[in-house]
Structures are given as structure tokens and as C-alpha cells.
Amino acid sequence: MKVKKTKSPLREWVESIVGAVILTAFIIVFIAQSFVVEGTSMLPTLDNNQRLLVDKLTYRFREPGHGDIIVFRYPANPKEEFIKRIIAVPGDSIAIANGKVYVNGNVIAEDYILEPTIRGFSPHIVPEGHYFVLGDNRNDSLDSRDPRVGFVPRENIIGRAVWSYWPLDRIGIFRIPEALAEVAVQE
């Protein structure tokens, strides 16, 4: 009869910790990551200090779309991360006038925003590889209307917010507003 030598408890513990760290790093880099909302630019959809799970995998298989809430690296300082909603995708015409947002000439019935915007935006075509984003709190949001953000390059997008898990009364999956889902259907 042979006797198999077992690993020491310390070695088993170290191997378990190393394995867990590698698995966690893989998940955070390639699949999903937790983020905390800082600020009020996405009210009423997202509150300050709300915690979200951001999906990093989906955009490896499809492009970001109208209405997606995304986390992206701020173009003026890539060490900072912003969270906003995609309003227009590459090739779309975007304009804001008289408190209304127009995508491809059609007004968007935005029932998900805090209040209509007071800042306009002259008509532009969203360049290839870029996205036009706005905060849901339009009058308190540093977004694509500001030249420091501008059209967000595709490579700056980290992922899309899919689920809120804190605070408990805000738990839920994020859905694309009907008005923006209709924009995608019209294409």
C-alpha cells in the first residue's frame, strides 16, 4: 500500500488565496466590475453613492447602443471615470434645441430625465467610433455637450451598467427607455 503525502495546511491556504486572486482579477478585467456613482449627473436614474455592476463582456460582441448607461474614461483625464447615457451612436445626427433632444431629426420623448435641458447643442453627426452621451440630470451634467468630454471614443468605454445592488431600495436591472429603444428600431 502506498501512502500519498498531503500538502501542508499552509500551502493549501496559500494556493487557495492565489487562485481566488487570479479568478477575481480575471472577472474584474474581462467580465464585470463594481462601480460607485459619484455625483448627481444621472438623477433621477442613479443616486450619489449608488453601487452598480458594470458588464465588460457584452461590448466585445456588440456595439454600444442608444439608451445604454455606460461607464467610460473621461477624455480630458483618462484616470477619471464617468457614467452617462448613450443618446446617439456613430452616424446619427444629434441636436438639442428648446429643451428637446433630436436624434436623426426626431424629437426624443424623454420621460426618464430630471428636467429638460436649458443648454442647446448645434446639429452634429456623431463620428465613426464615437458616441454622444448625456447625463439624465441634464442641467447638472458634464457630458458630450462640453468640449472637455465631446464625443466619447469607443476605446474609452469600460462597459455598461446592468444592475444596481445598493442601496437595497434601488436594487434592479437597468432598462433602456422606450423613447431610445424606438431610435434603435428606426435605424
Side-chain angles (χ1 to χ4, degrees), residues 20-92 94 101 103 108 110 112-114 121 124-138 140-168 170-177 179-181 183-184 187:
V21 167
I22 290 170
L23 180 61
T24 301
F26 177 80
I27 290 170
I28 289 172
V29 170
F30 296 108
I31 299 175
Q33 186 174 351
S34 176
F35 282 88
V36 177
V37 176
E38 293 180 12
T40 59
S41 73
M42 284 297 290
L43 285 172
T45 307
L46 301 174
D47 292 327
N48 188 42
N49 293 320
Q50 190 169 344
R51 285 160 171 62
L52 317 170
L53 186 66
V54 173
D55 163 24
K56 294 179 161 186
L57 191 60
T58 299
Y59 293 155
R60 294 181 190 279
F61 302 102
R62 75 163 176 88
E63 289 301 311
H66 297 98
D68 288 352
I69 298 173
I70 61 167
V71 172
F72 63 96
R73 287 183 293 285
Y74 176 39
N77 180 3
K79 292 180 182 176
E80 288 185 57
E81 295 160 342
F82 280 18
I83 186 163
K84 305 290 179 203
R85 186 182 301 278
I86 294 176
I87 302 299
V89 300
D92 281 349
I94 180 73
V101 175
V103 176
I108 305 300
E110 298 182 298
Y112 55 88
I113 64 173
L114 189 61
F121 187 79
H124 282 79
I125 301 294
V126 180
E128 276 305 311
H130 291 76
Y131 296 83
F132 185 87
V133 298
L134 293 173
D136 289 355
N137 184 1
R138 299 288 160 76
D140 188 23
S141 178
L142 179 59
D143 50 38
S144 287
R145 297 170 292 178
D146 189 293
R148 292 171 290 179
V149 176
F151 295 108
V152 176
R154 172 68 175 88
E155 61 269 12
N156 283 34
I157 297 175
I158 295 167
R160 72 183 174 105
V162 292
W163 183 57
S164 172
Y165 64 89
W166 190 262
L168 295 176
R170 298 294 303 236
I171 287 177
I173 295 172
F174 297 113
R175 306 230 183 269
I176 294 174
L180 289 170
V183 172
E187 292 180 31

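Nearest approach of P177 to G67, heavy atoms of both residues: CD-O, 4.2 Å. Nearest heavy atom pair, residue K84 against residue L134, reads CB-O, 3.7 Å. Nearest heavy atoms, G129 versus P90: N-CG, 3.8 Å. Among all heavy-atom pairs drawn from L180 and I87, the shortest one is CD1-CD1, 4.1 Å. The shortest heavy-atom contact between R73 and E155 is NH2-O, 2.5 Å. Residues D55 and L57 come closest through the heavy atom pair OD1-N, 2.8 Å.
D143 meets the salt bridge (Lys or Arg N to Asp or Glu O under 4.0 Å) test with R119, R145; sequence neighbours excluded. Under the ring-ring contact (aromatic ring centres under 6.0 Å, His included) criterion, Y59 pairs with no residue, sequence neighbours left out. Shown here are the salt bridge (Lys or Arg N to Asp or Glu O under 4.0 Å) partners of R51, two or more places apart in sequence or in another chain: there are none. Partners of R148 according to the salt bridge (Lys or Arg N to Asp or Glu O under 4.0 Å) rule, which considers only residues two or more places apart in sequence or in another chain, are D146. Applying the ring-ring contact (aromatic ring centres under 6.0 Å, His included) test to W166 and every residue at least two apart in sequence or in another chain returns nothing. With sequence neighbours excluded, no residue forms a salt bridge (Lys or Arg N to Asp or Glu O under 4.0 Å) with E81.
Residues I69 and L52 form no side-chain contact, since every pair of their non-hydrogen atoms from C-beta on lies 4.5 Å or further apart. Side-chain atoms of I176 and H66, non-hydrogen and from C-beta on, never get closer than 4.5 Å to each other. Contact annotation: the side chain of V71 never approaches that of Q33 to less than 4.5 Å [non-hydrogen atoms, C-beta and beyond]. Contact of the F72 side chain with the I158 side chain is not registered, since no non-hydrogen atoms from C-beta on lie closer than 4.5 Å. For the pair Q50/M42, no side-chain contact is recorded, criterion being any heavy-atom separation below 4.5 Å from C-beta on. Contact check for F151 versus H124: side-chain heavy atoms found under the 4.5 Å cut-off. Here the side chains of D136 and L114 are not in contact, with every heavy-atom distance at 4.5 Å or above.
In this structure, Y112 OH and T45 OG1 are separated by 8.5 Å, a value rounded to the nearest 0.5 Å. Going from atom CD1 of I94 over to atom OH of Y131 covers 14.5 Å, rounded to the nearest 0.5 Å. In this structure, CG on D68 lies 6.0 Å from CZ on R160, to the nearest 0.5 angstrom. Put simply, CZ on F174 and CG on L46 are 4.5 Å apart, with the number rounded to the nearest 0.5 Å.
More than 12 heavy atoms of other shown residues, nucleotides or ligands fall within 6.0 angstrom of atom CD in E80.
Judged purely by atom type and a 3.5 angstrom limit, N137 uses its side chain to pair as donor or acceptor with the backbone of T40. Remark: the backbone N or O of S41 is not paired with any side-chain donor or acceptor of D140 at under 3.5 angstrom.
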**OP:** Apply the test side chain to side chain contact (heavy atoms under 4.5 Å, CB included) to residues D47 and R170: give CA-CA distance (whole Å), side-chain angles for both, the deciding distance (0.1 Å), then the verdict.
**Re:** CA-CA 9 Å; D47 292 327; R170 298 294 303 236; 2.8 Å; yes
Original post:
Does the side chain to side chain contact (heavy atoms under 4.5 Å, CB included) test come out yes or no for F82 and V149, once each step is laid out?
Top reply: CA-CA 10 Å; F82 280 18; V149 176; 4.1 Å; yes
**OP:** Step by step, work out the side chain to side chain contact (heavy atoms under 4.5 Å, CB included) result for I171 and W163.
**Re:** CA-CA 7 Å; I171 287 177; W163 183 57; 4.0 Å; yes
